[in-house]
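Read through the structure below, which is laid out as structure tokens, and then see the notes.
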Amino acid sequence: MLLDRYLPRIEFDSYEDFKENFTINVPEYFNFGFDIVDEWAKQEPEKQALLWCNDHGEEIRFTFTDIKRLSNRVANYFKSLGIQKGDVVMLILRRRWEYWVCAVALHKLGAVLIPGSLQLTKKDIVYRGNAAGVKAIVCVNDDFVMAQVDAAFPEIESLKTKIMVAEKREGWAYLEEEMEKFSDELERPTGEEATKSTDLMLIYFTSGTTGMPKMVMHNCSHPLGHIITAKYWQQVQENKLHMSVSDSGWAKFGWGKIYGQWICGAVIFGYDMDKFVPKNLLEKMSHYKLTTFCAPPTMYRFMLQEDMTKYDLSSIQNFCNAGEPLNPEVFRKIYELTGLKMREGFGQTEGPVLLANFKWIDPQPGSMGKPSPLFNIHLLNAEGAYCDDGDEGTIAVCGIDENYPVGLFRGYYKNPELTEQVIGGKNYDLGDMAWRDSDGYYWFVGRNDDVIKCSGYRIGPFEVESALIEHPAVVECAITAAPDPIRGQVVKATVVLAGGYTPSDELTKELQNHVKRVTAPYKYPRIIEYVEELPKTLGGKIKRAEIRKTDADAPK
């Protein structure tokens with residue numbers, strides 16, 4: 001077991017014991033590729049690392065020895081291209097098995113990895129390439145992605161090489177062919193080329209609802225922070241299959257498909273789905289007998305539209321969710337079907353899991369749980385003071401000037417002014433509102449900008465969304481503030497209907513009355529708009545700001 005190298009103590013008797021006594025030993029030098037992947041290969045050469053499959057009948061199983069050998073070849077290939085410590089490389093690889101190999105190769109070299117989404121357009125790629133100084137891009141064999149990269153290539157001054165996987169095309173280097181030309185032996189860099197824990201390892205571009213994306217920096221100790229994510233929240237088990245549903249372009253992939261899971265010795269289940277089809281995902285979960293599973297609530301909602309009793313999910317011992325708040329109705333339905341209480345986790349691109357329903361906590365429907373021991377979490381009021389139980393406040397990581405947490409981001413790449421503004425003081429304000437009950441559970445309210453002020457009331461969108469989701473007609477919805485000449489703002493619901501339901505005045509009245517029954521009557525949506533789909537960021541989060549702007553710009 002590798003955990004005992006980094007954890008003075010692994011097992012705990014209670015959440016209180018965990019919160020008080022958990023610590024991580026961060027060595028001066030740490031390299032995820034050498035210290036985790038290669039070390040597992042050394043200790044247990046046949047230990048499984050990755051089970052990869054797709055929608056076309058392909059299945060490949062990789063041991064840590066396989067990942068070590070392949071990543072060494074790719075690292076040597078990258079070195080031949082002049083890529084070295086500190087150089088920036090973008091990977092747009094969906095859920096292809098090559099992502100894991102390329103990521104480990106880059107980590108071994110001390111190069112900086114930028115994950116990219118399949119949805120990036122030429123404009124997005126040009127912006128990211130020039131902002132970060134990207135030297136090479138590795139892409140999946142997707143016509144749209146390759147067309148965007150081809151169009152962007154001449155406008156990115158630093159970009160020297162474009163590489164594709166799974167297929168050979170003119171004008172592109174072919175990874176599978178090139179890597180075979182190189183040795184599967186790689187010496188660990190020493191001296192100035194060795195990676196310290198404080199060296200830059202990873203940049204995520206945040207998919208904000210307004211403004212250009214920011215470049216969130218994580219250093220080489222970041223994977224160690226995800227021990228909390230994997231072992232104590234997702235509860236992955238050594239040599240057992242874990243699946244987190246995420247494209248490799250997002251921080252959720254780092255949360256659930258590589259770092260903490262491999263440190264814990266779990267086997268990652270990498271299902272490279274062409275698109276999310278609930279029936280297909282359920283079939284894979286049933287066939288491969290997963291042990292732990294994590295997905296955003298939206299996916300659970302669509303899975304629940306299927307007859308889940310047709311699928312044998314009895315092997316799954318822990319269901320988790322993250323990425324957006326978990327509606328109590330989804331929690332209750334999964335509990336009825338499986339007998340398991342879903343464990344919500346909360347965090348940001350800027351860190352590992354910050355609050356969660358950890359293994360000792362009895363999950364409460366709709367609560368995001370309690371703080372991670374890595375983070376001194378408090379709710380702050382407008383004056384910066386700690387909130388009392390029951391009072392809403394902004395979630396903050398406090399005391400970062402004295403004890404900077406392992407795994408938390410180290411600022412914004414090439415933007416020292418913003419870095420100083422956000423994490424240069426005593427606290428890191430996440431910009432999310434919540435309240436804490438007398439038992440220490442935290443309850444999400446919404447982003448600061450999303451809270452609605454109507455006739456003197458403050459209304460959090462999540463509570464109203466959760467009320468609407470309880471109605472069988474609603475698959476998903478977004479609650480926003482719409483301008484009103486009398487009240488200033490009124491509650492608006494933008495709704496995606498379940499199959500078999502059609503918009504009507506009668507349905508609108510029914511949904512409004514339903515909300516009045518489920519929550520405080522003043523919170524009901526005075527406006528309901530029906531849409532085929534909600535506007536979302538590239539990361540899949542609802543763009544409430546876009547809905548608000550559309551309403552504000554509409555003719556009066």
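Just so you know, residue 1 is the first one in the sequence shown, and it goes up from there.
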Discussion item. Check this for me, if you would: do Glu476 and Lys536 make a salt bridge, where the nitrogen-to-carboxylate-oxygen distance has to be below 4.0 angstrom?
Written reply: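 Judged by the 4.0 Å cut-off on N to carboxylate O distance, Glu476 and Lys536 do form a salt bridge.
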
Fill in: Ion pair Arg332/Glu329, N-O distance below 4.0 Å
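A salt bridge is present here (some side-chain N lies under 4.0 Å from a carboxylate O).
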
Discussion item. With a sphere of 6.0 Å drawn around OH of Tyr127, does it hold more than 12 non-hydrogen atoms of other residues, nucleotides or ligands?
Written reply: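 Yes, the 6.0 Å shell around OH holds more than 12 heavy atoms from other groups.
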
Fill in: More than 12 heavy atoms of other groups within 6.0 Å of Lys289 NZ
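More than 12 heavy atoms, drawn from other residues, nucleotides or ligands, come within 6.0 Å of this atom.
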
Worksheet item: Should Met215 and Asn415 be marked as a side-chain contact (heavy atoms from CB on, under 4.5 Å) after you check the CA-CA gap, both sets of side-chain angles, and the distance that decides it?
Response: CA-CA 9 Å; Met215 295 183 283; Asn415 196 335; over 6 Å; no

Under 3.5 Å, is there a donor on one side chain and an acceptor on the other for [X] and [Y]?
X	Y	result
Tyr259	His107	yes
Asn239	Lys47	yes
Asn357	Trp233	no
Asn318	Thr292	no

Minimum heavy-atom distance between [X] and [Y], given as atom pair plus value:
X	Y	result
Thr195	Lys85	CA-NZ, 4.4 Å
Val406	Ser221	CG1-O, 3.9 Å
Asn54	Asp272	CB-O, 3.5 Å
Leu355	Ile395	CD1-CG2, 4.3 Å
Ile258	Gln261	N-OE1, 3.2 Å
Gly393	Leu379	O-CD2, 4.0 Å

Going from [atom1] on [X] to [atom2] on [Y], what distance comes out if it is rounded to the nearest 0.5 angstrom?
X	Y	atom1	atom2	result
Arg128	Lys123	CZ	NZ	10.5 Å
Arg94	Ser248	CZ	OG	9.5 Å
Ser117	Ile92	OG	CD1	8.0 Å
Phe32	Leu202	CZ	CG	11.5 Å
Phe293	Phe269	CZ	CZ	10.0 Å
Leu290	Tyr271	CG	OH	12.0 Å

Item to complete: Go through the structure and list residues passing salt bridge (Lys or Arg N to Asp or Glu O under 4.0 Å) with Asp389, not counting sequence neighbours.
Response: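 For Asp389, the residues satisfying salt bridge (Lys or Arg N to Asp or Glu O under 4.0 Å) (neighbours in sequence not counted) are Arg436.
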
Discussion item. Checking side-chain contact (heavy atoms from CB on, under 4.5 Å) between Phe409 and each of Asn219, Thr419, Ile423, Thr349, which is the one that passes?
Written reply: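 Passing option: Ile423.
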
Discussion item. Within 45 degrees of the ring normal and closer than 6.0 Å to the centroid, is that where the cationic atom of Lys196 sits relative to Phe30?
Written reply: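 Ring-cation test returns no.
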
Any donor-acceptor N/O pair, [X] side chain to [Y] backbone, under 3.5 Å:
X	Y	result
Arg343	Ala356	no
Asn31	Asp35	no
Ser197	Pro27	yes
Glu392	Met433	no

Once side chain to side chain contact (heavy atoms under 4.5 Å, CB included) is applied, do any residues pair with [X], and if so which ones, sequence neighbours excluded?
X	value
Asp391	Cys387, Asp388
Val112	Val88, Leu200, Ile203
Thr338	Phe319, Ile334, Leu340

Looking at residues at least two apart in the chain, or sitting in another chain, which of them share a side chain to side chain donor-acceptor pair (under 3.5 Å) with [X]?
X	value
Lys257	none
Tyr288	Glu59
His226	His222, Thr229

Taking C-beta and beyond as the side chain, do [X] and [Y] meet within less than 4.5 Å on heavy atoms?
X	Y	value
Met308	Leu282	yes
Val37	Trp262	yes
Lys252	Ser244	yes

Item to complete: Can you label the angle between the Tyr386 ring and the His378 ring as parallel, tilted or perpendicular, going by 30° and 60°?
Response: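 Parallel: the ring planes of Tyr386 and His378 meet at under 30°.
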
Worksheet item: In terms of ring plane angle, is the pair Phe346 and Phe444 parallel, tilted or perpendicular, where the classes change at 30° and 60°?
Response: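 Ring orientation of Phe346 relative to Phe444: tilted.
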
Item to complete: Could you name each residue pair satisfying salt bridge (Lys or Arg N to Asp or Glu O under 4.0 Å) that touches residues 418-433, not counting sequence neighbours?
Response: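 Qualifying pairs: Asp432-Arg447.
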
Worksheet item: With sequence neighbours excluded, what pairs up with Phe358 under the ring-ring contact (aromatic ring centres under 6.0 Å, His included) test?
Response: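 Only Phe18 meet the ring-ring contact (aromatic ring centres under 6.0 Å, His included) criterion with Phe358.
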
Worksheet entry | Residues forming a ring-ring contact (aromatic ring centres under 6.0 Å, His included) with Phe62, sequence neighbours excluded |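 Trp97.
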
Worksheet entry | Audit row: Thr291, Ile316, side-chain contact (heavy atoms from CB on, under 4.5 Å) steps and yes/no | CA-CA 4 Å; Thr291 299; Ile316 298 179; over 6 Å; no

Worksheet item: Which side-chain hydrogen bond (donor to acceptor under 3.5 Å, both in side chains) pairs, counting each pair once, include a residue from residues 5-14, with sequence neighbours left out?
Response: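 Residue pairs passing side-chain hydrogen bond (donor to acceptor under 3.5 Å, both in side chains), neighbours aside: Arg5-Glu39, Arg9-Asp17.
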
Item to complete: Test Glu465 against Arg544 for salt bridge (charged side-chain N to carboxylate O under 4.0 Å, His left out), laying out the working first.
Response: CA-CA 12 Å; Glu465 288 170 1; Arg544 293 181 181 84; 2.9 Å; yes

Item to complete: I would like to know whether Ile36 and Leu2 meet side-chain contact (heavy atoms from CB on, under 4.5 Å); could you show each step before the answer?
Response: CA-CA 8 Å; Ile36 302 302; Leu2 295 184; 4.0 Å; yes

Discussion item. Centroid separation under 6.0 Å, is that true for the rings of Tyr99 and Trp52?
Written reply: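 Ring centroids of Trp52 and Tyr99 are no less than 6.0 Å from each other.
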
Worksheet item: Under the side-chain contact (heavy atoms from CB on, under 4.5 Å) criterion, do Leu113 and Leu91 qualify, and how do the steps go?
Response: CA-CA 7 Å; Leu113 164 61; Leu91 304 182; 3.4 Å; yes

Scan the side chains in residues 361-374 for donor-acceptor partners under 3.5 Å anywhere in the protein, sequence neighbours excluded, and list what turns up.
from	atom 1	to	atom 2	distance (Å)
Asp362	OD1	Lys341	NZ	2.9
Gln364	NE2	Asp362	O	3.0
Ser367	OG	Gly369	N	3.0
Ser367	OG	Tyr442	O	2.8
Lys370	NZ	Asp439	O	3.1
Ser372	OG	Leu374	N	3.1

